[in-house]
Amino acid sequence: MEFLTVALSKGRILGETIELFKRIKLNFDNVSEDSRKLVFEFKEYGMRLILSKPSDVPTFVEHGVADLGVAGKDVLLEDRKDVFELLDLKLARCRMVVAVPEDMDPSTPIYRIATKYPHIAEGFFLKKAQPVEIIKLNGSVELGPLLGLADAIVDIVATGHTLKENHLKVQEVIYPISARLIANQVSFRLKSGHIQELLGKIKAAI
Ligand code: PRP
């Protein structure tokens, strides 16, 4: 059987992904972002795992250096890489939302949006025909309204703790988000045997 290279997202998705693989008898317990190791070989399963930043997983898969990847729908919607989305893994569920200061009057207009997701934010407000200025930040976007840089944020919310701690509230939900299994388009055809077998097991497990 061919060797499959699978790109996994570091961070909050990783633990749940490894748990899912465990349910289909693939034991990747030694894969941890605590070590500085980034490539893990499992000859017994015919697999190699690579750990990357979540936003880079679709890039590795699009270029074919990874056959498969586990990436958040947020990253897929933002970057729109040329990859096949095979399956909703229903992991790392959260929501992409517009959030505003807790004490903001609902009639207050929103002009400036701080976000790590400029394309998603732009598309959302364009659809509403609402002109806004998008301010791209790379993290801790909650600082935008706190410091007066922005009127609102577009970001992912999981537990809601971060919003609460920073006196923000959800104004509107844009999309439900979860982790997806993605494939390189060529690998999907050339390695279809191995990929379909894995896909079948994962589908049965979720
Ligand atoms: C994400 C997101 C929020 C937070 C939401 O940030 O951007 O800040 O998690 O999670 P919660 O609703 O469970 O509190 P992340 O931890 O990825 O870090 P970042 O802000 O530096 O991007």
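Just so it is clear, the structure is predicted and the values come from calculations on it, not from any experiment. Ligands are counted one by one from 1 in listed order, and the atoms in each one are counted from 1 as well.
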Side chains of residues 140-149: which donor-acceptor partners sit under 3.5 Å, not counting sequence neighbours?
none

Could you go through residues 128-138 and list every donor-acceptor pair under 3.5 Å that involves a side-chain atom there, pairing it with any protein atom two or more places apart or in another chain?
from   : atom 1 : to     : atom 2 : distance (Å)
Lys128 : NZ     : Glu172 : OE1    : 2.8
Lys128 : NZ     : Glu172 : OE2    : 3.0
Lys136 : NZ     : Asn138 : OD1    : 3.0

Starting from the N and O atoms of ligand 1, collect every protein N/O partner closer than 3.5 Å and put each pair on its own line with the distance to 0.1 Å.
from     : atom 1 : to     : atom 2 : distance (Å)
ligand 1 : 7 (O)  : Lys116 : NZ     : 3.3
ligand 1 : 7 (O)  : Asp155 : OD1    : 3.0
ligand 1 : 7 (O)  : Asp155 : OD2    : 2.6
ligand 1 : 8 (O)  : Glu142 : OE2    : 2.7
ligand 1 : 9 (O)  : Arg12  : NH2    : 2.7
ligand 1 : 12 (O) : Ala158 : N      : 2.8
ligand 1 : 12 (O) : Thr159 : N      : 3.1
ligand 1 : 12 (O) : Gly160 : N      : 2.8
ligand 1 : 13 (O) : Thr159 : N      : 2.9
ligand 1 : 13 (O) : Thr159 : OG1    : 2.6
ligand 1 : 14 (O) : Thr159 : OG1    : 3.4
ligand 1 : 14 (O) : Thr162 : N      : 2.9
ligand 1 : 14 (O) : Thr162 : OG1    : 2.4
ligand 1 : 16 (O) : Arg12  : NH2    : 3.0
ligand 1 : 20 (O) : Ser140 : N      : 3.0
ligand 1 : 22 (O) : Lys116 : NZ     : 2.4

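A side-chain donor-acceptor contact under 3.5 Å links Tyr117 and Asp74. A side-chain N or O of Arg48 and one of Thr5 form a donor-acceptor pair less than 3.5 Å apart.
Residues satisfying the side-chain hydrogen bond (donor to acceptor under 3.5 Å, both in side chains) test with Asp67, not counting sequence neighbours, are Ser187, Lys191.
A salt bridge links Lys22 with Asp29: the closest approach of a Lys/Arg side-chain nitrogen to an acidic carboxylate oxygen falls below 4.0 angstrom.
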